[in-house]
Amino acid sequence: MAERSSVQTRVLLDGLGMGESPRWHDGRLWFSDWGTNEIVAVDLDGNRESIGPGGGGSGWAVNWLPDGRLLVTGAELTRVERDGARVRHADLSHISPHGWSEITVDGRGNVYVNTINFDFANFNDILGTGTAPGKIALITPDGEAREVADGLAFPNGMVVTPDNRTVIVAESFARRLTAFDIRDDGDLSNRRVWADVTGDGICIDAEGAIWCSEVGPDERSVCQRVREGGEVAEQIDLDRPCYACMLGGPDGTTLFMVVAKWFGPERMQELIEAKTGRVLTARVPVPHAGWP
């Protein structure tokens, strides 16, 4: 049985339309505000700043190259240059025409991006048929782009372990975390189930456990810490679904949770307009590790 956490959550930001894909970077939490199509950064006192436009629509996320330049997913993968100009980072159209969502840059500069690889308007149809069209693409530091995984059931958050040897991705439709070994050339192999638990946005800690967010039909939800094999070590009860989580703060032990009501995929605009989104924080004992 999972240990129900006694930690207290705190509201860092409120009134969001739809926040997603949090990242701790340069002393602040950065996240995707799909409701306003903004990249937002907020400090631990709740002071927020709009950094710039996002990738458009729903599903986009951000991360950084080793040299500090920002990458933004969306219809294509773009890079923000130091002068603010946006350019295509890699042509991924030969891998999928449906755009790109979660992104992780590992310690060697390899960029992993995933795609659900279907039109979001067909969400319920794809869920009902049990098909798994999702893919992961790799962009190497020298700019080569290639497909490295397919057959994923709505890939969501991804992490890379601190040793750069494993990618773990949340397959939301299959309600599991799936792991791949990373070869020396960045390709993925040895696909396996890491844990039979649901996940949306995820992050990894220094003991190798993964914090998983959960989105479901119930008003209440949890953010849970899971060990490889599926043992749930800790759960934090929430009053609304959690779309993503990230460890950060000065010592890596602040857990950030992006939450909002969930009305279903066909009511996304209503969800955005309701502004039930929040960023919550909680203190946990084990710090962040790996990427992002």
Side-chain angles (χ1 to χ4, degrees), residues 1-14 16 18-24 29-34 40 42 44 46 61 101-102 104 154-159 168-178 194-249 251-263 271 276-292:
M1 294 290 291
E3 177 184 347
R4 291 285 170 170
S5 176
S6 61
V7 303
Q8 296 295 310
T9 61
R10 180 175 74 92
V11 178
L12 182 65
L13 281 181
D14 203 353
L16 301 173
M18 182 65 176
E20 252 281 13
S21 303
R23 308 281 191 260
W24 182 259
L29 184 78
W30 298 51
F31 66 92
S32 305
D33 190 334
W34 294 352
V40 177
V42 58
L44 292 176
S101 183
E102 286 289 351
T104 299
F154 205 99
N156 237 308
M158 292 188 297
V159 297
I168 303 164
V169 58
E171 290 190 80
S172 293
F173 279 2
R175 299 181 67 82
R176 66 180 172 232
L177 303 180
T178 297
W194 194 87
D196 273 317
V197 297
T198 188
D200 189 330
I202 63 177
C203 61
I204 189 168
D205 69 23
E207 293 183 356
I210 288 180
W211 282 96
C212 309
S213 61
E214 180 181 17
V215 177
D218 300 329
E219 284 297 303
R220 297 189 63 79
S221 186
V222 298
C223 188
Q224 55 190 13
R225 183 174 181 259
V226 180
R227 296 190 176 100
E228 185 173 6
E231 178 192 354
V232 178
E234 187 172 3
Q235 290 183 334
I236 298 175
D237 288 307
L238 304 168
D239 70 350
R240 64 199 68 187
C242 181
Y243 295 84
C245 53
M246 180 55 56
L247 289 163
D251 60 0
T253 61
T254 299
L255 180 67
F256 298 91
M257 295 162 283
V258 182
V259 303
K261 302 286 187 179
W262 176 241
F263 301 158
L271 172 63
T276 65
R278 291 175 171 173
V279 178
L280 305 178
T281 66
R283 296 286 288 173
V284 297
V286 183
H288 172 268
W291 292 271

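Although no hydrogens or angles enter the test, the distance criterion places no donor-acceptor pair under 3.5 Å between the side chain of T281 and the main chain of F256. Of the possible polar contacts, none joining the T9 side chain to the L280 backbone as a donor-acceptor pair under 3.5 Å is found.
In this structure, L177 and V197 have side chains that are in contact, with non-hydrogen atoms separated by less than 4.5 Å. By the 4.5 Å heavy-atom criterion applied to side chains, W24 and L247 are not counted as neighbours. With contacts defined as side-chain heavy-atom distances shorter than 4.5 Å, the pair P22/V279 does not qualify. Taking the side chain as every heavy atom from C-beta outward, L255 and R225 never approach each other to under 4.5 Å. Within the 4.5 Å cutoff, the side chain of W262 has no heavy atoms near those of the T276 side chain. Within the 4.5 Å cutoff, no side-chain heavy atoms of M257 are placed close to those of S213. The shortest distance between side-chain heavy atoms of N156 and I202 does not fall below 4.5 Å.
Judged purely by distance below 3.5 Å, without hydrogens or angles, the side chains of T253 and R283 pair a donor atom with an acceptor atom.
Across all non-hydrogen atoms, the minimal contact from T104 to M158 is OG1-O, 2.9 Å. Closest non-hydrogen pair, A195 versus R227, comes out as CB-O, 4.3 Å. In terms of heavy-atom proximity, G201 sits nearest to C245 at O-SG, 3.7 Å. Among all heavy-atom pairs drawn from E102 and E20, the shortest one is OE2-OE1, 4.1 Å. Across all non-hydrogen atoms, the minimal contact from G208 to W194 is O-CZ2, 3.5 Å. Taking both residues in full, the closest heavy atoms of G277 and A260 are given as CA-CB, 3.7 Å, listed atom of the first, atom of the second, then distance.
Atoms CG and CG, on L12 and L29 in that order, are 7.0 Å from each other to the nearest 0.5 Å. In this structure, OH in Y243 is found 14.0 Å from OG in S32, a value given to the nearest 0.5 Å. Residue L16 holds its CG atom at 5.0 Å from CZ of F31, rounded to the nearest 0.5 Å. To the nearest 0.5 Å, atom CD1 of residue I210 and atom CD of residue E228 are 8.5 Å apart. Note that the CZ atom of R278 and the CG atom of D239 stand 5.5 Å from one another [nearest 0.5 Å]. Going from atom CZ of R10 over to atom OG1 of T254 covers 8.5 Å, rounded to the nearest 0.5 Å.
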Test side-chain contact (heavy atoms from CB on, under 4.5 Å) on F154 and D200; report intermediate values, then the result.
CA-CA 9 Å; F154 205 99; D200 189 330; over 6 Å; no
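Salt bridge status for D196 with R176: absent, with no side-chain N to carboxylate O gap under 4.0 Å.
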